[in-house]
Amino acid sequence: MSIQDVMAMVEQDGWEYTGEKPDGVSYVCSAYVVAMYKVAGLFDDMEINATEFAPKDVYTLNFFDLDYERPQQCIDADPDIPYCQLLGNYRLVLDGYSTVEPYSHMAESCPTINPDYFRPDGC
């Protein structure tokens, strides 16, 4: 098996990584959020591997209320975005925020090449 084959494998939730000290199940931040969404039932009966989700995959899920009435402190911090960003010197631009309907095997074959992280439909 080549390194390219290994890199293309879909990482399955529940895989445990071991080393000198066994680590157990490990998640990066975006995978942890998706794992919590799974436990909460947001994906219904869909086959989802949380470990395949990148940050952009998380914020583009259509789980967020686009008609949310933001608190005044959010509006004061930045009146032009639909989400709340209270801190930072730069605006966090979340292109495609809450626009993608989740589907089984989502994010399992998406390219993630910076800087654009283009995501074809249904990848």
Side-chain angles (χ1 to χ4, degrees):
M1 182 178 287
S2 71
I3 190 68
Q4 289 85 2
D5 293 332
V6 171
M7 296 300 291
M9 291 174 63
V10 174
E11 186 174 5
Q12 301 296 314
D13 287 354
W15 280 2
E16 292 191 17
Y17 297 91
T18 59
E20 192 172 307
K21 296 178 182 175
D23 295 337
V25 177
S26 300
Y27 291 114
V28 295
C29 55
S30 53
Y32 182 76
V33 169
V34 173
M36 294 297 105
Y37 288 172
K38 283 178 64 173
V39 171
L42 295 178
F43 292 105
D44 298 320
D45 294 330
M46 293 178 226
E47 293 288 326
I48 298 289
N49 283 299
T51 50
E52 289 295 316
F53 278 67
K56 185 172 184 175
D57 299 319
V58 175
Y59 73 73
T60 59
L61 288 167
N62 69 352
F63 293 163
F64 306 98
D65 182 358
L66 295 175
D67 295 322
Y68 169 65
E69 291 190 35
R70 296 182 301 142
Q72 190 60 47
Q73 59 267 40
C74 297
I75 296 167
D76 293 344
D78 192 330
D80 300 321
I81 56 176
Y83 41 87
C84 189
Q85 180 178 338
L86 294 174
L87 301 172
N89 294 326
Y90 302 96
R91 175 187 285 167
L92 184 61
V93 177
L94 303 177
D95 291 329
Y97 173 73
S98 197
T99 58
V100 177
E101 181 76 26
Y103 51 90
S104 284
H105 302 286
M106 184 174 179
E108 290 183 358
S109 61
C110 297
T112 55
I113 300 171
N114 69 353
D116 298 322
Y117 298 99
F118 174 71
R119 184 184 189 285
D121 290 339
C123 66

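Predicted, not measured: the structure shown is a model, and the values here were computed from it.
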Counting N and O atoms only, with roles assigned by atom type, does the side chain of [X] sit under 3.5 Å from a partner on the main chain of [Y], one being a donor and the other an acceptor?
X     : Y     : result
Lys38 : Ile48 : yes
Gln85 : Leu87 : yes
Asp44 : Met46 : no
Thr51 : Ala31 : no

Flag yes if [X] and [Y] sit in one hydrophobic cluster, no otherwise; membership is Ile, Leu, Val, Met, Phe, Trp, Tyr, and two members link when side-chain heavy atoms are under 4.5 Å apart.
X     : Y     : result
Met36 : Leu42 : no
Phe64 : Phe43 : yes
Val39 : Val28 : no
Val33 : Leu92 : yes

Checking Asp76 now: which residues fulfil side chain to side chain donor-acceptor pair (under 3.5 Å) with it, not counting sequence neighbours? Gln72
For atom CD of Glu69, is the number of surrounding heavy atoms from other residues, nucleotides or ligands below 6.0 Å larger than 12? no
Other residues, nucleotides and ligands only: do more than 12 of their heavy atoms fall within 6.0 Å of OH on Tyr32? no
Can you see which heavy atom on [X] is nearest to which on [Y], and at what distance?
X     : Y      : result
Glu47 : Ser104 : N-OG, 3.1 Å
Ala35 : Ala50  : N-CB, 3.6 Å
Arg91 : Ile81  : NE-CG2, 3.5 Å
Val34 : Val58  : CG2-CG2, 3.6 Å
Arg70 : Asp78  : NH1-O, 3.0 Å

Trace of the side-chain contact (heavy atoms from CB on, under 4.5 Å) decision for Glu52 with Asp57: CA-CA 9 Å; Glu52 289 295 316; Asp57 299 319; over 6 Å; no
Return the [atom1] to [atom2] distance between [X] and [Y], rounded to the nearest 0.5 Å.
X     : Y      : atom1 : atom2 : value
Asn49 : Glu108 : CG    : CD    : 5.0 Å
Lys56 : Asp95  : NZ    : CG    : 6.0 Å
Tyr68 : Ser98  : OH    : OG    : 13.5 Å

Given ring-ring contact (aromatic ring centres under 6.0 Å, His included), test Tyr27 with Phe53 step by step and report yes or no. CA-CA 10 Å; Tyr27 291 114; Phe53 278 67; over 10 Å; no
Could I get the full list of ring-ring contact (aromatic ring centres under 6.0 Å, His included) partners for Tyr59, not counting sequence neighbours? none
I'd like to know whether the aromatic ring centres of Tyr97 and Tyr83 sit less than 6.0 Å apart in this structure. yes
